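Take a look at the structure below.
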Amino acid sequence: MIEVKNLTKYYGGHLAVDNISFTIEDGEILGFLGPNGAGKSTTMNMLTGYISSSSGQALINGTDILENPIKAKSNIGYLPELPPLYQDMTVMGYLNFVYDLKKCKLPRKAHLTEICSLCKLTDVSNRIIRRLSKGYRQRVGIAQALIGNPPILILDEPTVGLDPKQIIEIRNLVKKLGKRHTLILSSHILSEIQAVCDRVIIINKGKIAADDTLENLTKSVSNINRMNLRLDGAREEVLEAIRKIPGVTSVRADMEHEGGIFDYEIVMEEGADIRVMLNEMCREHSWSIYRMANDEMTLEDIFMRITMSDEVTEKKKNTPVIRFVTPEEQKAAAEAAKETEEPAQEETSESAASETPETEGGEE
């Protein structure tokens, strides 16, 4: 378990991490996200003991990372964004070096053989590291983090710079590791986080902007209950039938895929579930359903909505309160501003016409 309590970090006068708190339970796979400069890497460095905090605590299985760093770090396997590899060593030579460095007490040969098998390094175990592809070097970086079988793994950008095939291989490896370890995964490839993580923490401007499951974050960011439906049948007849279903607020027909098969976008009341009624409707009219899916936001949509918000208020787990400006609010604000500015523009128009700006013809 990892417990973070009021963790804060200053670099001189700059506040990089602002009094954040969260808990990661044993066996959990956590996606840790944030835009550049948000404080994500600083937080991860404090959790691993690479840098100290200005105030607050980071407890690793109950041990304070600053008060007893050796004991706390023995519970952590860490892969930084740039793997700490000695390029002129062989893979097995490097893993033996890390084994000694960590003072690992597990049976050396069996332990390193198991790690090489898990990370698919057996065939390259005698090769020089600098001659390996980037994908294999990432595997070696993960392998060194696994030495000693630490209960907690922290992986920072494990798939950065890899090709699609390598990304899939590392993703599958991370899924396997998640069955044995508590895992913190940081990545800018949001589909990776969405594919493997149980929970997501998004940090923005030094504060925790969101902390919850992907499903709950989707509900908190978007209160629109929308469904995409594809079925055959006469277009107008289908539209009329869907509008009669209780809970439907609007429906529109989209493109035609094949002869008589259309897509329909259905907006429903909050909490409404019309799937059973849709099936009954289609059965009554002898229509066939080709596709039915709730329109859920992707993690990329959620990330952009949260991190582009002007307001950042720290959120606690299971109570995400995400504030962003809706298009309706933007329109109302623009109209209000226009009404306020018009009289002022009329008053100043005559005086402005008689003046010549000092910067006219100069640089902007």
Side-chain angles (χ1 to χ4, degrees), residues 1-5 7 20-34 40 43-50 57-65 68-80 102 104-106 110-111 114-115 117-120 138-139 141-159 167-187 189-203 208 210-219 299 302 315-320:
M1 174 187 281
I2 299 175
E3 297 176 87
V4 174
K5 301 178 180 179
L7 204 61
I20 65 172
S21 300
F22 59 87
T23 300
I24 305 172
E25 301 293 341
D26 292 338
E28 193 171 18
I29 304 179
L30 175 79
F32 196 56
L33 305 175
K40 172 172 58 71
T43 301
M44 296 182 73
N45 285 334
M46 288 190 286
L47 291 181
T48 57
Y50 184 71
Q57 278 186 311
L59 303 177
I60 310 299
N61 285 342
T63 303
D64 191 302
I65 192 72
N68 194 343
I70 294 178
K71 182 180 178 182
K73 291 177 183 180
S74 68
N75 291 292
I76 300 173
Y78 180 40
L79 172 68
K102 290 187 174 183
C104 182
K105 296 181 181 179
L106 297 172
H111 183 48
E114 181 185 6
I115 288 174
S117 176
L118 179 63
C119 298
K120 295 185 178 179
Q138 288 293 99
R139 290 177 181 275
I142 294 174
Q144 64 81 26
L146 290 171
I147 291 177
N149 196 25
I152 296 168
L153 293 177
I154 300 178
L155 308 181
D156 190 3
E157 300 287 350
T159 59
I167 288 174
I168 293 171
E169 290 173 348
I170 296 295
R171 178 197 297 174
N172 291 334
L173 175 57
V174 169
K175 286 181 179 179
K176 289 182 182 179
L177 296 176
K179 297 177 181 179
R180 306 182 184 181
H181 305 266
T182 301
L183 202 153
I184 301 177
L185 176 63
S186 171
S187 177
I189 303 176
L190 300 186
S191 59
E192 296 301 305
I193 300 293
Q194 191 162 0
V196 302
C197 293
D198 306 315
R199 176 174 143 225
V200 173
I201 289 179
I202 299 177
I203 187 170
I208 293 179
D211 178 2
D212 215 322
T213 64
L214 183 60
E215 181 182 0
N216 288 339
L217 285 177
T218 301
K219 292 177 182 177
L299 181 55
I302 295 169
K315 315 300 185 298
K316 303 299 182 183
K317 184 180 178 182
N318 297 327
T319 55

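Values in this document were obtained by computation on a predicted structure and should not be read as measured data. FYI, side chains are in, hydrogens and waters are out, and symmetry mates aren't considered; it's all heavy atoms of this structure.
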Checklist entry - Hey, does Ile76 have a side-chain heavy atom less than 4.5 Å from the side chain of Pro150? => result no
Item to check | SG-CG distance between Cys197 and Leu30, expressed to the nearest 0.5 angstrom | outcome: 6.5 Å
Next on the checklist: Keeping Asn216 on the side-chain end and Asp212 on the backbone end, is there a donor-acceptor pair under 3.5 Å?
Outcome noted: no
Item to check | Minimum-distance pair of heavy atoms, taken over all atoms of Thr48 and Lys73 | outcome: O-CE, 3.5 Å
Item to check | Intermediate values then yes/no, side-chain contact (heavy atoms from CB on, under 4.5 Å), Val4 and Ile20 | outcome: CA-CA 7 Å; Val4 174; Ile20 65 172; 4.3 Å; yes
Checklist entry - Just by distance, do the side chain of Ser187 and the backbone of Ile193 share a donor-acceptor pair under 3.5 Å? => result no
Checklist entry - Which distance, rounded to the nearest 0.5 Å, do you find between the CD1 of Ile167 and the OG1 of Thr159? => result 5.0 Å
Checklist outcome for this item: Taking every heavy atom of Glu25 against every heavy atom of Met1, the minimum-distance pair comes out as OE1-CE, 3.0 Å
Next on the checklist: Going by the rule side-chain hydrogen bond (donor to acceptor under 3.5 Å, both in side chains), which residues pair with Glu114 if we only count those two or more places apart in sequence or in a different chain?
Outcome noted: none
Checklist entry - Closest heavy-atom contact between Cys119 and Ile142? => result SG-CG2, 4.3 Å
Next on the checklist: Rounded to the nearest 0.5 Å, what separates atom CD in Glu28 from atom CD1 in Ile152?
Outcome noted: 11.5 Å
Item to check | Working for side-chain contact (heavy atoms from CB on, under 4.5 Å), residues Ile201 and Leu33 | outcome: CA-CA 6 Å; Ile201 289 179; Leu33 305 175; over 6 Å; no
Next on the checklist: I'd like to know if the side chain of Lys102 reaches the main chain of Gln144, judged simply by a donor and an acceptor atom lying under 3.5 Å from each other, with no hydrogens or angles considered.
Outcome noted: yes
Next on the checklist: Is the shortest side-chain heavy-atom distance between Arg199 and Phe22 below 4.5 Å?
Outcome noted: yes
Item to check | Point-to-point distance, once rounded to the nearest 0.5 Å, from CG of Leu106 to CD1 of Ile147 | outcome: 10.5 Å
Checklist entry - With a 4.5 Å heavy-atom cut-off, do Leu155 and Val174 have their side chains touching? => result yes
Checklist entry - How long is the span from the CD1 atom in Ile65 to the OH atom in Tyr50, to the nearest 0.5 Å? => result 14.0 Å
Checklist entry - Where is the tightest heavy-atom contact between Met46 and Leu7, given as atom of each residue plus distance? => result CE-CD2, 3.7 Å
Checklist entry - Between Leu185 and Pro158, is any pair of side-chain heavy atoms under 4.5 Å apart? => result yes
Next on the checklist: Tell me the closest heavy-atom pair linking His181 and Leu146, and the distance in Å.
Outcome noted: NE2-CD2, 3.9 Å
Item to check | Closest non-hydrogen atom pair between Val196 and Arg171, with its separation | outcome: CG1-CG, 3.7 Å
Checklist entry - When you look at NZ of Lys120, are more than 12 heavy atoms from neighbouring residues, nucleotides or ligands closer to it than 6.0 Å? => result no
Checklist entry - So do Leu79 and Glu157 actually touch side chain to side chain, heavy atoms under 4.5 Å? => result no
Checklist entry - Is it the case that more than 12 heavy atoms not belonging to Lys71 sit under 6.0 Å from its NZ atom? => result no
Checklist entry - Could you give the distance from CG (Asp211) to CD1 (Ile203), rounded to the nearest 0.5 Å? => result 11.0 Å
Checklist outcome for this item: Which of Leu47, Ile29, Thr43 passes side-chain contact (heavy atoms from CB on, under 4.5 Å) with Ile184? It is Leu47
